[in-house]
2 protein chains.
Amino acid sequence: MPVCIVKSNFQIGDHIVTSLSDTTSQVPANPRSRPTMRHVAALAGVGVKTVSRVINGEPNVSAATIAKVMAAARTLDYQPDLHAGNLRRADGRTRTLGLLVGSVDNPFAGAVHRAVEDVALQHGVAVFASSLDDDPDREQESVDAFLRRRVDGLILTTVTESQAYLAPELRRGTPVVFVDREPAGITSDAVVSDNADGAALATRHLLEGGHRRLAYLGDRPVIQTARERRRGFLEELGRAGVATRGVPVVDGLHDEESARAATIALFDSPNPPTAIFSAQNLVTIGVIRALRELGRHHDTALVGFDDVPLGDLLDPGVTVVAQDPQGIGRAAAERVFARLDGDHSPPVRTIVPTRLIERGSGEIPPRREG
Amino acid sequence: MPVCIVKSNFQIGDHIVTSLSDTTSQVPANPRSRPTMRHVAALAGVGVKTVSRVINGEPNVSAATIAKVMAAARTLDYQPDLHAGNLRRADGRTRTLGLLVGSVDNPFAGAVHRAVEDVALQHGVAVFASSLDDDPDREQESVDAFLRRRVDGLILTTVTESQAYLAPELRRGTPVVFVDREPAGITSDAVVSDNADGAALATRHLLEGGHRRLAYLGDRPVIQTARERRRGFLEELGRAGVATRGVPVVDGLHDEESARAATIALFDSPNPPTAIFSAQNLVTIGVIRALRELGRHHDTALVGFDDVPLGDLLDPGVTVVAQDPQGIGRAAAERVFARLDGDHSPPVRTIVPTRLIERGSGEIPPRREG
DNA sequence: ACCTAGCATGACATCGTTGTCAGGGAGACA
DNA sequence: TGTCTCCCTGACAACGATGTCATGCTAGGT
């Protein structure tokens, strides 16, 4: 059937017969090889540049030629090679974007990713997504992998001490937007929640509930947001005139299990806290598990930073300071595209607001004891 | 500062001075342009091919030359262009993989994605991730975008009626692995849960609990897994000798809200079900919300297909037939790499087992009434 | 001193595409 | 009929890298 079409449409110009090697016959020699513009051109009986014009919708091609070329392209199932085109194309854009998040298997990152993808899709841009796993080496490797593939822009969550290694790339004009955590050793656009402020909000909520024996459970201090949240917690206690000496501050919790163990240890002391601020979503879940095990989930207040899936269906409902991962992802992607569209204004820090969602656990009053 | 280094290291060979145009001076003219191998070669005072050898770790380069080239590459912050190399490279691999999932913002897809990424990382392969949104057009566009970027392999969740459009690509030898849903109109590797079997397992569990008035709530029948799960449910009822006439089978539920509404409607009938099988995770959540609103969550049994985040912390705990998204992702990625490594055996269907997790909601006994 | 083998190196063509440019043909206008 | 456009079209170089091949050099054997 395709042979039919070939015969009826195909006219060989002498120059083609003499100049083409046997690897470039009118139809790819074996079906395992991929058709190129030259194959399409030969089959349509036109020059490669004309095929290029048709494929890219350039003007000044006759309707008859367009039809011939489209037919040939369809017959061969031709797909243009974006990267080959890019090599020569003036703007040098790969229409590709690199996204680095904590882990793609994490509700916060998933929402960020989805928002980025939606904005990218409108621009015809594909997204590389990688997981950071809070490993500096993985960060470097991911960024390298992105740059070797010549992404048009980067959206990064980082864990290295300094991102100065990105300075040359920034000078070359590649947009880099930091999400979730602010950059160090370099200035560039950033889209973040106000972590200190959100933590203070959570803390104030507990203080206003009458609690005075609070505890902080959070992630490792190498993580910038963890430091900010701890700062917000402690500063709010200071503002309220609560002595921070003796306030349990447990750092370095990275998953449910460590948070659960830390919580249990906390209640093994003579004067356990009446309220807990857990500064990360996995930590919050670990705390919930521990409180249930201890049977303290109805007499210990809990406010978490970052929302927890189905937090409203638990008993008690989980009060959280929720971030807006969708908003963060969208804003970050929009920054990238604004930069690509020629926005050369100084770097901006976009702060996406957090909000307190009261669901019960944060409204438990202090126990009267001790 | 960089100028210093340049001066001390740089030796110009005559042939370079005469042959290079002004656009290719020893250092990129302005810092916005990206250094190429020619820049590195000029700065190191060697030929481009030698730079290529060093960058790719090919043998037969003297230690001194290697040092010179590395120094030059570091000075210029050179990053090889993977796609340009690919154009000429024998194997034609982009070390890139396309992954299409329901939505990257979905716990099941997140786990699949993460597992795929981990396997890919071991092979030095980057992953494009896109969301399908159960939209056939989006499927086609995503696959096109992947192919134009010459991914080495595809891992796809699909929603088109037929994936025959992939036949030419398959003939060219691109590995295509279908995940979660089986392909139609084409044969290729697939990695899926046994949906009918899992649904039957859930149904049997409810029947063994003594229930006879069951209801099915599921996703749109255009989705292959939705059809399979419904089939498993109905066939199990048949095997148990329960008449399927009059059994409420509600299709087309796509999100929490529609599932919630459908559940409420179900209880608006004279003889509501004593047990519900919800065939998708968002549907399960919608059902839970509805049952709570109606105050029936402690007297109506519920088994969901696919796990629900924090399902063990709810009251009652959510009994589910859990899939193994990690296992699915890993198996799919391993199939792709096996094919890339030359495995030409016939397509295989890998079935990743499901398992029943009893947490309470599925063990509620039937109400005695009516 | 001569030959040979093998290492080290760079010139050149090439991958698939697009930018540039030149040329041919048709129609408009004098 | 002759010119001047404008539209179509294809040859060719170029993008940044690698495969191929030829060449120069050094060390080793006679």
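To find a chain, count down the sequence lines: A is the first, B the second, and so on, and within it residues start at 1. Remember, predicted model here, so these are calculated numbers, not experimental data.
Remark: side-chain polar atoms of B/Asp135 are paired, donor with acceptor, to backbone N or O of B/Asp137 under 3.5 angstrom. A distance-only check finds no donor-acceptor pair linking the side chain of A/Ser130 to the backbone of A/Ser142 [under 3.5 Å]. Using modelled atom types, no side-chain atom of B/Gln163 and backbone atom of B/Thr158 make a donor-acceptor pair closer than 3.5 Å. At least one donor-acceptor pair under 3.5 Å links the side chain of A/Asp343 to the backbone N or O of A/Ser345. A/His83 places no side-chain N or O within donor-acceptor distance of the main-chain N or O of A/Asp81, the cut-off being under 3.5 Å. Put simply, the side chain of A/Arg339 never gets that close to the backbone of A/Arg335: no donor and acceptor are under 3.5 Å apart.
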Output a table of nitrogen or oxygen pairs between the protein and nucleotides 4-8 of chain D separated by less than 3.5 Å.
from	atom 1	to	atom 2	distance (Å)
D/dC8	OP2	A/Asn60	OD1	3.3

I'd like a table of atom pairs between the protein and nucleotides 17-25 of chain D - only N or O on both sides, under 3.5 Å - with the distance next to each one.
from	atom 1	to	atom 2	distance (Å)
D/dA17	OP1	B/Tyr78	OH	2.7
D/dA17	OP1	B/Asp81	N	2.9
D/dA17	OP2	B/Met37	N	2.6
D/dT18	OP1	B/Asn56	OD1	3.2
D/dT18	OP1	B/Asn56	ND2	2.6
D/dT18	OP2	B/Ser52	OG	2.4
D/dT18	OP2	B/Asn56	ND2	3.4
D/dG19	N7	B/Lys49	NZ	3.0

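C/dG19 atom C1' lies 13 Å from atom CG of A/Leu87, rounded to whole Å. In this structure, B/Leu147 places its CG atom 16 Å from P of C/dG16, rounding to the nearest Å.
Across its full length, the helix from C/dA1-D/dT30 to C/dA30-D/dT1 shows an angle of 50° between the axes of its 5 terminal pairs at either end, rounded to 10 degrees.
Checked by atom type, the side-chain pair B/Arg149/B/Thr94 shows no donor-acceptor distance below 3.5 Å. Side-chain atoms of A/Glu169 and A/Thr174 form a donor-acceptor pair, as typed in the model, at a separation below 3.5 Å.
Side-chain contact between B/Asp144 and A/Gln79 is present, with heavy atoms from C-beta onward closer than 4.5 Å.
The structure places CG of B/Leu99 at 8.0 Å from CG of B/Leu156, a figure rounded to the nearest 0.5 Å.
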